[in-house]
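This report refers to the structure that appears directly beneath it.
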Amino acid sequence: MSGAASARSGSFSIGEVLARLRPEFPDVTISKIRFLEAEGLIEPERAPSGYRKFGHEDVERLRFVLTAQRDHYLPLRVIKEHLAALDAGLTPPNLPAGEGRVQPAPRIVDDEGTVRPSAFRPSRSDVRWGRQEVIELAGIKPELFEQLESYGLVTARHGRDQFDEDALAIAKVAGELAGFGLEPRHLRAFRTAADRQVGLIEQVTAPLVRHRAADSRARAEERTRELAALSVHLHALLVKAGLHG
């Protein structure tokens, strides 16, 4: 796991590196590898002709990065800290519970079709990704992400080009729907329906929010989650009934 300055054994083109990684990481692409290079996570040698020359160490470094993203949802800044420690011959820093590691957004509907109120808890406010990082983690094309933004399906939450867990989860689902031929323009109805549901829920919980009791806000948040779970459950049942009606 040494850096680019280490001695290399073997030399591979970027296409050969892709072929080595694809069995374990089916979604990896040449653009993904180039992106990680541009972000400074790998530094392949260059032949006099300008072509990249990857060694075994580069391949293992890429495998480490891709595993950290796929299995642990680590942001690039944290992966860089681990790589820097490894390059220096040190043990990577231990991550405190919940810090630096991003869990996938909870599923709204479980395998039994039950909607849990806990799925509607707020996303962590300290988790941020850049635009390109969300695109890579979601496994979608930049053009699709741009369309999701243009139709208001994903929005920056923490300033320009900073996105949260919800944006990543939405981008992933949109990518899966795109595989069935559904484009972001087809998903505007979902955005409209969601906004209407949010408005209805806020209307119901508004009296609690305005109440001055010490526990009123906590009760309002719990009531909001319960109403959200019931509304999504009802939506799922109506879709099911419509498909089999």
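Throughout, residue positions are numbered sequentially from 1 according to the sequence presented. As a basis for the values below, the full set of heavy atoms in this structure was taken, side chains included, without hydrogen atoms, waters or symmetry mates. Predicted, not measured: the structure shown is a model, and the values here were computed from it.
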Interatomic distance, CZ@F25 vs OG1@T67, rounded to 0.5 Å, equals 3.5 Å
Ring geometry between F12 and H56 (parallel below 30°, tilted from 30 to 60°, perpendicular above 60°):
perpendicular
Quick one: does K32's side chain get under 4.5 Å of T29's, heavy atoms only?
yes
Could you check whether any side-chain heavy atom of R34 comes within less than 4.5 Å of a side-chain heavy atom of I14, counting everything from C-beta outward?
yes
Decide yes or no on side chain to side chain contact (heavy atoms under 4.5 Å, CB included) for E133 and F163, but give the supporting numbers first.
CA-CA 9 Å; E133 201 166 1; F163 300 87; over 6 Å; no
Applying side chain to side chain contact (heavy atoms under 4.5 Å, CB included), run through L200 and L227 and close with a yes or a no.
CA-CA 10 Å; L200 183 60; L227 286 169; over 6 Å; no
Should V154 and L168 count as side-chain neighbours, where that means a heavy-atom distance under 4.5 Å?
no
Are T224 and V204 close enough, and set up right, to give a side chain to side chain contact (heavy atoms under 4.5 Å, CB included), and what steps lead you there?
CA-CA 9 Å; T224 295; V204 173; over 6 Å; no
Can you tell me how far CD of Q197 sits from CG of L234, rounded to the nearest 0.5 angstrom?
8.5 Å
Under 4.5 Å between any side-chain heavy atoms of V17 and D58, yes or no?
no
Are the side chains of F64 and L86 in contact, using a 4.5 Å heavy-atom criterion?
yes
Spacing of I79 atom CD1 and L66 atom CG [to the nearest 0.5 Å]
8.5 Å
One pair to check against side chain to side chain contact (heavy atoms under 4.5 Å, CB included): E37 and E43. What are the steps and the verdict?
CA-CA 6 Å; E37 179 187 356; E43 297 180 20; over 6 Å; no
Would a hydrophobic clustering, with Ile, Leu, Val, Met, Phe, Trp and Tyr connected at side-chain separations under 4.5 Å, put I201 with F190?
no
Heavy-atom side-chain proximity of R46 to K53 below 4.5 angstrom
no
Ignoring hydrogens and angles, write down the donor-acceptor pairs under 3.5 Å from the side chains of residues 177-185, residues two or more places apart or on other chains.
unit_1, atom_1, unit_2, atom_2, d
E183, OE1, R185, NE, 2.8

Measuring from atom CD of E57 to atom CG of D87, what distance do you get when rounded to the nearest 0.5 angstrom?
11.5 Å
Side-chain contact test, heavy atoms from C-beta onward, threshold under 4.5 Å: evaluate it for E45 versus R52 and give yes or no.
no
For a 4.5 angstrom cut-off between non-hydrogen side-chain atoms, does L18 reach R22?
yes
Between E222 and R225, is the salt bridge (charged side-chain N to carboxylate O under 4.0 Å, His left out) condition met? List the steps.
CA-CA 5 Å; E222 185 61 32; R225 289 192 288 269; 2.8 Å; yes
Would you say I30 ends up clustered with L62 if hydrophobic residues are merged whenever their side chains have heavy atoms under 4.5 Å apart, either directly or through other cluster members?
yes
Expected list for residues 134-152: side-chain donor-acceptor pairs under 3.5 angstrom, two or more places apart:
unit_1, atom_1, unit_2, atom_2, d
E136, OE2, Q132, NE2, 2.9
E149, OE1, R131, NH1, 2.1
E149, OE2, R131, NH1, 3.2
S150, OG, Q147, O, 2.8

When rounded to the nearest 0.5 angstrom, what distance separates CZ in F54 from CD in E16?
10.5 Å
About how many Å separate CG of D164 and OG1 of T155, when rounded to the nearest 0.5 Å?
7.5 Å
